[in-house]
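Let me begin by presenting the structure, written as structure tokens, before commenting on it.
Counting starts at 1 for both ligands and their atoms, following the listed order. The chain is numbered in sequence order, starting from 1.
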Amino acid sequence: MTSTPTSTATELDRPRFFVDGEWVTPRGSETHRAIEAATGEPLGTAALGTAADVDDAVRAARRALDAGPWGRTTPAERAAVLRRVADALAARAADTSRLVSRENGMPIRLSEGSNGIVPPVLLRMYADLVERLPFEEVRRSPTGATIVRREPVGVVGAITPWNYPQALAMFKIAPALAAGCTVVLKPSPETALDSYVLGDAAVEAGLPPGVLNIVLAGREPGRSLVSHPLVDKIGFTGSTAAGRAIGAECGRLIRRCTLELGGKSAAIVLDDADLDLLRAGLSTAAFQNNSQTCTTQSRILAPRSRYTEVVDAVAQFCRELVVGDPLDPATTLGPMVSEDHRDRVLGYVDIARAAGARLVTGGGRPRGLDRGWFVEPTVFADVDNADRLAREEVFGPVIAVIPYDDDEDAVRIANDSEYGLAGSVWTADEDRGLALAGRVRTGTIGLNRYSIDLGAPFGGMKASGLGRELGPEALDAYLEYKSLYVGADRLG
Ligand code: NAD
């Protein structure tokens, strides 16, 4: 929701942007009113940036790289600052986690991990990695002798969504800063208020001015960040639709970009699967963050020989979910991020019904939760993989159970998708499961579980994205290689 300034100020308001190490007054007067997902009540107000604010931030980032101290720091110096930022974020972790839960409905236990623990862990991980990375190597080959240098790619525009705001920002900021880049972060208006915690931590840690800049803004100023002439690289996480537009613009400009986009991933339940294990794993595989997760396995592929059993197991899991206040540690399913998004998710119930799918459980708003943007955990059976419910990303707890004939058919259905982000295979025979997982065209896949490992590359195939985040591999996305041909004589 956007509006002119409101008179109901709260202590969570964020009326300024973080640019060049300072809290600066916006150029325009537009604001965003944040609404608490569980109650529908106003939470706070944040200034919304314009292209002029984005321009200020990019220029500050450019100065910090070209004229400021950051461009001349050693990896060890950068690592030391990143560790101090990690400490400053860790000290704020409890407040940050609660704030994000109130903004987007994330259950607090998950929020404490993804918004509280993950960002400092990533900063420390990339601080360690960059200290070990050879920024200069001497190569000898049959055709010459060369000094190979790694250089920061330059000014990075980081554009993030609302579902894991702190973690996904740090997926970009930590490797970018470690590599020696400077960053302009444009967070999503839905999670307007928590983004500036990074600014508070940067000030406390003594990060030099301009190295990290934060401007909350909508799509249009986001576009101006993508095409800004002083930006060298875009790190984007969000929808495939926006990713296509950003990728097209980056293609036009020959600008480096990493795109982490949507998914419609499959959990393949084999005929020997332990369904207790499946039930235990569904919370992360299919319902994490109220299924507002890019890796949600919203297609559950079940063998015809055990179809009813699998449908019952998934429905039983849904009935046992504790739907309610995301700040209550007992809650396992919170509300959707916004009223619009809740309506969009519920729209898929109608779409699935119209296509002839069978509603097994859920399908509406939970009884007794009249405020906020709650949706019942919902399971549809007898879904055809050609149906819209099986092809489009719902981004909410509406799951399709799709029957298959044999292993070959399961792989075919799993791969019959525009996307290729995540997935899982459930089986008592791990060798069989690993062999089958290897045939699914997807960036990440789990065996009898699903979770993201911060130490391993993460990203998508097909329309789920370009490039990888996390792991040591993510550093490469923020580095350029330069080969200095010097000849064997000079190298001795
Ligand atoms: P979104 O694409 O609507 O917005 C994401 C961000 O991009 C926001 O900050 C938005 O303001 C900005 N934006 C949108 N269009 C833009 C444009 N043309 N130019 C510049 N900036 C633009 O996505 P969302 O609704 O915030 O997030 C949900 C989506 O994100 C889902 O599709 C989900 O799958 C995806 N996602 C992917 C991953 C991943 O790692 N693959 C992780 C989380 C979320």
N/O separation below 3.5 Å, Leu168 to ligand 1:
no
Ion pair Arg344/Asp340, N-O distance below 4.0 Å:
no
Leu110 side, atom CG; Asn289 side, atom CG - distance, nearest 0.5 Å:
5.5 Å
Which ligand 1 atoms does Ala242 reach within 4.0 Å, using its non-hydrogen atoms?
2 (O), 14 (C), 15 (N)
Can you find an N or O of Ser464 that's nearer than 3.5 Å to an N or O of ligand 1?
no
Ring centres of Phe317 and Phe287 under 6.0 Å apart?
yes
Report yes if Thr237 has an N/O atom closer than 3.5 Å to an N/O atom of ligand 1; otherwise report no.
no
Taking distance alone, with no angle check, do Pro189 and ligand 1 share an N/O pair under 3.5 Å?
no
Evaluation steps, side chain to side chain contact (heavy atoms under 4.5 Å, CB included), between Ser298 and Lys264
CA-CA 6 Å; Ser298 50; Lys264 190 74 204 178; 3.1 Å; yes
Please check if atom CZ in Arg279 has more than 12 non-hydrogen atoms from other residues, nucleotides or ligands closer than 6.0 Å.
yes
Provide, to 0.1 Å, the distance between atom 11 (O) of ligand 1 and the closest protein heavy atom, together with that atom's residue and name.
Lys186 NZ, 2.9 Å
Starting from atom 35 (C) of ligand 1, find the nearest protein heavy-atom neighbour and note its residue, name and distance.
Gly238 O, 3.1 Å
Best match, Phe395, Phe236, Phe171, Tyr164: closest heavy atom to atom 7 (O) of ligand 1
Phe236
Run the numbers for me: atoms of ligand 1, each under 4.0 Å from some heavy atom of Phe458, listed by number.
40 (O)
Within-cut-off N or O pair, Thr240 and ligand 1, under 3.5 Å:
no
Pair Asp200 + Arg14: basic N to acidic O under 4.0 Å
yes
Looking at Arg27 and Asp55, is any side-chain nitrogen of the basic one under 4.0 Å from a carboxylate oxygen of the acidic one?
no
More than 12 heavy atoms of other groups within 6.0 Å of Glu22 CD:
no
Any nitrogen or oxygen of Glu393, side chain or backbone, less than 3.5 Å from one on ligand 1?
yes
What protein heavy atom lies closest to atom 42 (C) of ligand 1? Include the residue and the distance to one decimal.
Cys294 SG, 2.9 Å
Could you report the tightest heavy-atom contact between Pro457 and Thr444, atom names first, then the distance?
O-CG2, 4.1 Å
Which atom of Leu421 lies closest to which atom of Gly263, heavy atoms considered:
CB-CA, 4.3 Å
Quick one: look up the protein heavy atom nearest atom 6 (C) of ligand 1 and list residue, atom name and how far away it is.
Thr160 O, 3.4 Å
Please write down residue, atom name and distance for the protein heavy atom closest to atom 25 (O) of ligand 1.
Trp162 NE1, 3.1 Å
At what distance is the nearest protein heavy atom to atom 20 (C) of ligand 1, and which residue and atom is it?
Gly222 C, 3.3 Å
Please identify which of these residues, Arg391, Lys462, Arg244, Arg441, meets the salt bridge (charged side-chain N to carboxylate O under 4.0 Å, His left out) condition with Glu418.
Arg244
If you count the atoms of ligand 1 from 1 in the order shown, which ones are under 4.0 Å from a heavy atom of Leu421?
41 (N)
Among non-hydrogen protein atoms, atom 3 (O) of ligand 1 lies closest to Arg219 NH2, 2.7 Å
Which label fits Trp23 and Phe18: parallel for a plane angle under 30°, tilted from 30 to 60°, or perpendicular past 60°?
tilted
Can you list the atoms of ligand 1 that are under 4.0 Å from a heavy atom of Ile159?
6 (C), 7 (O), 9 (O), 12 (C), 20 (C), 21 (N)
Between Ile246 and ligand 1, which residue portion shows a heavy-atom distance shorter than 4.0 Å: side chain, backbone, both, or neither?
side chain
Taking 4.0 angstrom as the limit and counting only heavy atoms of Asn163, give me the atoms of ligand 1 inside it, by number and element.
43 (C), 44 (C)
How far is atom 2 (O) of ligand 1 from its nearest protein heavy atom, and which residue and atom name does that atom have?
Ser239 OG, 2.6 Å
For Arg124, is the CZ atom crowded, meaning more than 12 foreign heavy atoms sit under 6.0 Å from it?
yes
